[in-house]
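Step one of this worksheet: look at the structure below.
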Amino acid sequence: MAAASGKTVLIGGGSGFIGTALTNALKSKGYLVRVVSRKPGPLNMSWTELEKKGLPENCTAVVGMAGQNVFDITRRWTAGFQQNVWASRVLTTRTLASVINRAEEKPKVFISMSGVGYYKPSATEEYTEDSPGGDFDFLSKLAKDWEDASKLPSSCNSVRRVIIRSGVVLGREGGMINNLYWPFFFGVGGPVGSGQQYFPWIHIKDMVDLIIYSMETEKVSGVLNGVAPQVITNKEFAKAFGKALWRPAFIPVPTFVLNAAFSEERAKIMTEGQKVIPKRTLELGYKFKYQDIDSTCKSCSAFIYSDTM
Ligand SMILES: NC(=O)c1ccc[n+]([C@@H]2O[C@H](COP(=O)([O-])OP(=O)(O)OC[C@H]3O[C@@H](n4cnc5c(N)ncnc54)[C@H](OP(=O)(O)O)[C@@H]3O)[C@@H](O)[C@H]2O)c1
């Protein structure tokens, strides 16, 4: 990967789990980072400031990853909350696309996150980046609208557009592992429902490296499935995470409990799954560092947060 001194990367929603890891990795490569956030901070600019002032100087890449946490257990799955989940992704992505369009000096690349919820959960189908989706439930339509929001007009033809349809991002510092760590640590973790549903996953290091690879590799554009090549089920994940913590992991979480806690529509992210293959991601030359779930879970098993980067 090339050296990057003086170049700026703008990350919308870069204060969260993936954004923080990405910021650290970019800084260590010599990039300057600006984060678009609702909160003040030394690196931060607000969404209003971005709309008013446009892209920062020397901006080589724009990354969109803002999004209200779908699994906020304190929030009921109401129409209002769904609207918030939608707007926090779609409207922020539209804002990024619009400031890129207005910029005199265009960035080289616009990378926007999406999710494997784009594909319909199935026990039999296998999905690559070319498979259909985005049209059957709230989460799939959300992914489609989110991806469409990153479209750029023809005046931006020089800007490569990359969409990363991410699986569950696994890392000790946040995301799903953060929620599962203590139940598994105390030996009460286990698969969700039958555990037979697919569990598309990616290590946080690979997610960060894939974003940087997309940024720095001219030939990369279009949709990439952000999932490790190893296809596993939810039960296999639970077994691997239990093993990494030296704990049993066979107490299943009944589907009806999750449906009651989260409502069926959003619980689907855990109770159902898709078999997703990173076909284009591999064809375009990305090499996964974490290829198997055992080594990934081991790296997520530290008692205290460690720098997995
Ligand atoms: N982690 C995963 O397993 C996973 C899997 C698939 C897709 N993704 C997607 O990847 C993106 C980044 O994931 P993450 O795990 O880093 O998420 P995260 O830790 O929840 O961070 C998301 C960021 O979005 C911003 N945000 C939250 N609510 C917002 C709102 N209502 N309006 C505007 N901004 C808002 C927050 O920034 P401020 O508070 O600073 O404004 C937050 O730091 C998300 O969009 C997520 O849906 C994640």
Side-chain angles (χ1 to χ4, degrees), residues 10-25 33-51 63-75 80-96 111-119 133 138-140 142-147 149-150 162-180 199-208 210-211 214 223-228 234 237 266 268-270 273-274 276 278 290 296 300 305 308-309:
L10 181 78
I11 314 177
S15 64
F17 169 44
I18 303 172
T20 303
L22 177 62
T23 299
N24 292 339
V33 177
R34 295 295 307 274
V35 168
V36 194
S37 169
R38 295 163 303 166
K39 296 173 243 157
L43 295 177
N44 294 8
M45 68 197 294
S46 70
W47 290 95
T48 317
E49 193 184 346
L50 175 69
E51 286 194 74
V63 184
M65 54 173 62
Q68 168 77 47
N69 180 3
V70 177
F71 277 109
D72 184 346
I73 188 103
T74 65
R75 305 289 301 273
F81 182 60
Q82 288 172 36
Q83 172 61 20
N84 199 351
V85 164
W86 184 89
S88 62
R89 288 168 175 78
V90 178
L91 300 187
T92 55
T93 305
R94 273 186 205 156
T95 300
L96 294 175
I111 300 170
S112 190
M113 293 294 291
S114 178
V116 294
Y118 179 88
Y119 308 113
F138 174 81
L139 291 167
S140 77
L142 168 67
K144 169 89 168 65
D145 290 351
W146 194 4
E147 294 182 10
S150 68
V162 180
I163 287 167
I164 300 185
R165 285 189 192 137
S166 176
V168 178
V169 182
L170 300 176
R172 180 65 188 100
E173 291 81 5
M176 184 182 266
I177 292 289
N178 218 17
N179 298 330
L180 296 182
F199 184 85
W201 63 280
I202 182 168
H203 192 284
I204 179 73
K205 172 141 181 66
D206 276 313
M207 175 50 68
V208 165
L210 179 59
I211 293 171
S214 304
V223 178
L224 302 180
N225 282 338
V227 296
N234 183 284
F237 162 72
R266 77 174 150 165
K268 266 188 193 172
I269 298 175
M270 295 174 281
Q274 307 87 342
V276 184
Y290 283 85
T296 294
C300 298
Y305 283 175
T308 50
M309 306 309 298

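When a ligand or atom number is given, it counts from 1 through the structure's own listing order.
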Inset, instruction - Measure the CE-CD1 distance between Met113 and Ile18 for me, rounded to the nearest 0.5 Å. - result: 4.0 Å

Legend entry - Side-chain (Thr20) to main-chain (Phe17) donor-acceptor, under 3.5 angstrom: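 No; judged by distance alone, with no hydrogens or angles, the pair does not exist.
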
Counterpart residues, side chain to side chain donor-acceptor pair (under 3.5 Å), relative to [X] (two or more places apart):
| X | answer |
| --- | --- |
| Asn234 | none |
| Glu147 | Ser114, Arg165 |
| Trp47 | none |

Legend entry - Asn225 side chain reached by Tyr119 side chain, heavy atoms, under 4.5 Å: yes

Inset, instruction - Collect the protein residues that have a non-hydrogen atom under 4.0 Å from ligand 1 and hand them over in chain and number order. - result: Gly13, Ser15, Gly16, Phe17, Ile18, Ser37, Arg38, Lys39, Met65, Ala66, Gly67, Gln68, Asn84, Ser88, Arg89, Met113, Ser114, Trp146, Ser166, Gly167, Val168, Val169

